[in-house]
Structures are given as structure tokens and as C-alpha cells.
Amino acid sequence: MPIRVGVARETVPGERRVALVPETVARLVKQGHEVLVEPGSGAASFCLDQAYVEAGGRLVADRAALCREAEVLVKVQPPTPEEIAQYRRGLVLVGYLQPHRGDEAIRGLRDQGVTSFAMELVPRITRAQAMDALSSQGTVAGYKAALLAADLCPQFFPMLTTAAGTIRPAKVLILGAGVAGLQAIATTRRLGAVVEAYDVRRAAREQVESLGAKFLQVELDAETAGGYARELTAEEKEREQVLLRRAICQADVVITTAQIPGRTAPQLIAAATVEVMKPGAVILDLAAESGGNCAVTRPGERIEHHGVTVYGPVNVPSMLPVHASAMYSKNIQNFMGLLQGEGGALQLDWADEILASSVVTHEGGIRHAATRERIEGGVK
Ligand code: NAD
């Protein structure tokens, strides 16, 4: 028995992505699965209902029908309370669930008896690379951040030699050189800027330099065994601030991408530093949704602070819905491969490290330890 997969239409305002694009639907159908599609699911990503039908999907009447028939429901954004109310016991949900802060949805999924998997919790191991949505969407966000910053910048990025004089290239500083930061480096370099970058993980240096940017050296290494950054000590923060302040004041554009999983983003740019930046400088804060790397950032807003433009865009991957959806869809397809047993039927193998790490709710309980601890205070 193949799996009956349902594609839900996103309802969160501003979300333009879809969890499965028609190309991926065709692959799943070829593997023998049945794909049900809520009408209009892909419209904001320019994937028309007709394309889903041509790919072998079946349009259902509405969300109620989708939730009744699907065994596995795939989504981008966490479900709303109204959506959760339509889910039935035993449904498997795969999508972003914001395990560090999405308490209402997680409680709802637990109480409804839904088995939910969070794409954010897929471990960063080699076997899981093809289902790593944080990386695929980080790539999109980093690229788009570079373009948004270039658009706000009142000067050219490249060096130009013209009859009207020689233009010096813009100086771009990228803070945080993870997946998004590296893509922002690559994109601003392609636009011709002179790029410097900084990260607390020493391993980032080689990657930054391989993209033709200069690595800003602060004598510290805050990489944990899992490959993520840890929070800095007060003394380390102090040293970091001094070095960064100098580089920030020389930059025409600063793109910040620094994050610490499950925590508020580290503050790297104080209001006083913004106030001594070059007039016309731009700060593009990609960490706006998790608190911001700059003290004056307001999520979703573009403000002027002492002649500096500070923009904290939210849900940046959704601004490039075609490729963000295509990449996310591939991640979902690969994740689906873990949900199958004999003959392609739905089967959850809890011995699988990826499933065991990414499950949030199952059979009326919260399985992800840190989330359970936060929501239920350690009650099992
Ligand atoms: P992230 O979004 O959690 O953080 C972005 C960057 O901010 C990270 O590079 C982090 O080191 C940096 N940062 C945190 N605090 C900082 C501070 N105070 N100052 C400056 N920078 C700071 O990270 P991510 O992009 O998701 O990637 C995290 C790590 O996971 C990286 O090492 C990446 O290479 C690795 N990774 C591994 C795999 C894999 O093996 N499958 C896949 C993707 C990413």
C-alpha cells in the first residue's frame, strides 16, 4: 500500500511557498504514492492546480476532505489552531513547527493525537543533507538578503571605470558565515562588492576565503561539538564588539545572519555603533525574526536611524517562492523516503536517527525532550 500524501494550502499571511511542487508530485506518483492537493496550494509559487493534475496529483474539494483522506500531510508553516482542529488522530504531519517557540501549535498537535515531524529538527548529518530545509531555505535567504541590501544601498556594488570617473566598489560586511551568510557572500561578490565576513566558528574561515572574501579575525572559537555556535562569555562578547565596531564603521553595507539555535539571536551591533556608521550605510538584519543582530532592528520594518537604513525582513525565503518551494519540496520528498516500510506503505521506524530526532508529537505526547521540558515542565 503506497502512502496517501496531502499537500495543504498555506494560510499564514505572506507565506507564498508550497510544500510540494508538481515536479516532485510526479516523482512521488511514479514511486506509487497517491498525492492529494488542496486547490490553490501552489498558486503563490506559480504552480497551478492544473499542473498538479498533470503531474498525477488529485485535487480534493477542500481542506476538510484533504485532512480526512491524507495519511501524511505536508506543509511549510506550522498549522493554525483552525487547521489543527481538522486533523484526525494518527495523521502524520511534516513541516516547520518552530519547536523552540511554537507552543500553541505543538500543544494542539499533541492533544489531537497527531504524529508531527519538524523540518527544523532534522539533524545536520551527512545522510540528512538532502532533507535539510534549514540549509535549502538559508541558501535562498542569503541570496535574497544580498539583493535586498544592494537595492537599499545608495551606491554601486561593483567598481566601474567610466568616462564620468572611476567608481570604487562598495564595502560589504557579512556577520555570521553559516549557510545564509556564505550565500550572501557569494552573491555580493558576484555583484562586485569587496566583502569581509566574520563568524565565531573558526571553521568558517576557510569557507569565507574560498568565496573570495576576507575573514575578520577575532581570537576566539565558539564552535560546539554539533557544529553550531555557542553563546559567548561576557569577556568574549566585549572583544568581539571592539573588533566589529571598527569594521562596521568602514562598511557601506552590513548583512547580519548570526543565530544560535533555540535562542535569541546574538546582538552584534549596538545602537551607538549604528550612530557612527557612514551616512547612507545599510544594515540588512536577516536575524530579525529571532530578535535581530542589531539593537535597532524592528522585525518586518525598514527604518532610518541616524542616516543609516536598517531593514529586518521576515520570512525571506518566501520572497523567492519558486525556488524556495522547489528546494523545500525536494527536502520533503527525501524525508518522505524515511516514512516508508515494505512496499512503500507508511511505517515509522523509530530506530532511524533522523525520525527519532525530528519527531515532536506522537500518540498524544511530546517526544522532543527540550520542547516537552519547556511546555510540560519535564512531565512525560
Ligand atoms: P545558524 O543559522 O544557526 O547560524 C548562522 C551563523 O551564525 C553560524 O555560522 C554561527 O556560527 C554564526 N554565529 C552565531 N553566533 C555568532 C556571533 N556571536 N558572531 C558571529 N557569528 C555568529 O547556522 P547554519 O547556517 O544553520 O549552520 C550552522 C552550522 O551547521 C555550520 O557549521 C554549517 O556549516 C553546518 N551545517 C552542516 C550541514 C551538514 O553537515 N549536513 C548542513 C548545513 C549546515
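For ligands, and for the atoms within them, numbers begin at 1 and follow the listed sequence. Only a predicted model underlies this, so the values are computations on that prediction, with no experimental measurement involved. Only heavy atoms go into these numbers, but all of them, side chains included; no hydrogens, no water, no symmetry mates. Throughout, numbering of the chain's residues begins at 1 and tracks the sequence.
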Undergrad: Regarding Arg168 and Gln155, is there a side-chain donor-to-acceptor distance under 3.5 Å anywhere?
TA: no
Undergrad: For Gly181, is the nearest heavy atom under 4.0 Å from an atom of ligand 1?
TA: no
Undergrad: For ligand 1, which atoms, with element, lie under 4.0 Å from some heavy atom of Leu268?
TA: 17 (C), 18 (N), 19 (N)
Undergrad: Could you tell me whether ligand 1 has any atom less than 4.0 Å away from a heavy atom of Leu134?
TA: no
Undergrad: Any chance the side chains of Glu54 and Gln50 put a donor and an acceptor closer than 3.5 Å?
TA: yes
Undergrad: Please classify the Ala177 to ligand 1 contact at 4.0 Å (heavy-atom distances, strictly less than): side chain, backbone, both or neither.
TA: backbone
Undergrad: Does the Thr187 side chain pair with the main chain of Gly142, one donor and one acceptor, at a distance under 3.5 Å?
TA: no
Undergrad: Relative to the heavy atoms of Gln129, which atoms of ligand 1 are at a distance of less than 4.0 Å?
TA: 39 (C), 40 (O), 41 (N)
Undergrad: For Asn315 and Arg17, does a side-chain donor sit closer than 3.5 Å to a side-chain acceptor?
TA: yes
Undergrad: Considering only non-hydrogen protein atoms, determine which one is nearest to atom 44 (C) of ligand 1 and report residue, atom name and distance to 0.1 Å.
TA: Arg124 NH2, 3.4 Å
Undergrad: Would Glu34 and Arg58 pass as an ion pair if we require N to O under 4.0 Å?
TA: yes
Undergrad: Of all the heavy atoms in Ser135, does at least one lie under 4.0 Å from an atom in ligand 1?
TA: yes
Undergrad: To check you understand the geometry: which heavy-atom pair defines the closest contact between Val7 and Ser41, and what is its length?
TA: O-OG, 3.4 Å
Undergrad: When you measure from atom 16 (C) of ligand 1 to each heavy atom in Leu286, Thr139, Leu216, Val200, which option holds the nearest one?
TA: Val200
Undergrad: Hey, which atoms in ligand 1 end up nearer than 4.0 Å to a heavy atom of Glu240?
TA: 17 (C), 18 (N), 19 (N)
Undergrad: Tell me, which protein residue and heavy-atom name are nearest atom 29 (C) of ligand 1, and how many Å apart are they?
TA: Gly227 O, 3.4 Å
Undergrad: So, are Asp352 and Arg127 salt-bridged, with charged N and O less than 4.0 Å apart?
TA: yes
Undergrad: Regarding ligand 1, does Thr126 bring an N or O atom to under 3.5 Å of one of the ligand's N or O atoms?
TA: no
Undergrad: How far is atom 32 (O) of ligand 1 from its nearest protein heavy atom, and which residue and atom is that?
TA: Arg201 NH1, 2.7 Å
Undergrad: Heavy-atom distance from atom 35 (C) of ligand 1 to the protein below 4.0 Å?
TA: no
Undergrad: Enumerate the atoms of ligand 1 whose separation from the nearest heavy atom of Tyr198 is less than 4.0 angstrom.
TA: 19 (N), 20 (C)
Undergrad: Do Thr115 side-chain atoms and Leu93 backbone N/O form a donor-acceptor pair below 3.5 Å?
TA: no
Undergrad: In this structure, does ligand 1 have an atom that sits under 4.0 Å from one of the heavy atoms of Ile125?
TA: yes
Undergrad: Specify the protein heavy atom at minimum distance from atom 25 (O) of ligand 1: its residue, its atom name, and the distance to 0.1 Å.
TA: Val179 N, 2.7 Å
Undergrad: What protein heavy atom sits nearest atom 5 (C) of ligand 1, and how far away is it?
TA: Thr257 O, 3.3 Å
Undergrad: Is the closest side-chain donor-acceptor distance between His100 and Glu120 under 3.5 Å?
TA: no
Undergrad: Asp199 and Gly178: which non-hydrogen atoms are nearest, and at how many Å?
TA: OD2-N, 3.8 Å
Undergrad: For the 3.5 Å polar cut-off, considering only N or O atoms, please tell me whether Gly178 and ligand 1 meet it.
TA: yes
Undergrad: For a side-chain contact (heavy atoms from CB on, under 4.5 Å) with Phe117, tell me which candidate from Val122, Leu348, Val360 qualifies.
TA: Leu348
Undergrad: Which atoms of ligand 1 sit under 4.0 Å from any heavy atom of Asp132?
TA: 42 (C), 43 (C)
Undergrad: Atom CZ of Arg68 and atom CG of Leu91: how far apart are they, to the nearest 0.5 Å?
TA: 13.0 Å
Undergrad: Take Leu73 and Val92, measure what side chain to side chain contact (heavy atoms under 4.5 Å, CB included) needs, and give me the verdict at the end.
TA: CA-CA 6 Å; Leu73 194 66; Val92 174; over 6 Å; no
Undergrad: Any sub-3.5 Å donor-acceptor pair from Glu10's side-chain atoms to Gln77's backbone N or O?
TA: yes
Undergrad: For atom 14 (C) of ligand 1, what's the nearest protein heavy-atom neighbour? Residue, atom name and distance, please.
TA: Gln259 O, 3.2 Å
Undergrad: So if I count the atoms of ligand 1 from 1 in the order they appear, which ones are less than 4.0 Å from some heavy atom of Ala258?
TA: 7 (O), 13 (N), 16 (C), 21 (N), 22 (C)
Undergrad: Among protein heavy atoms, which sits nearest to atom 8 (C) of ligand 1, and what does the distance come to when rounded to 0.1 Å?
TA: Asp199 OD2, 3.4 Å
Undergrad: May I ask you to check whether Pro266 has an N/O atom sitting below 3.5 Å from an N/O atom of ligand 1?
TA: no
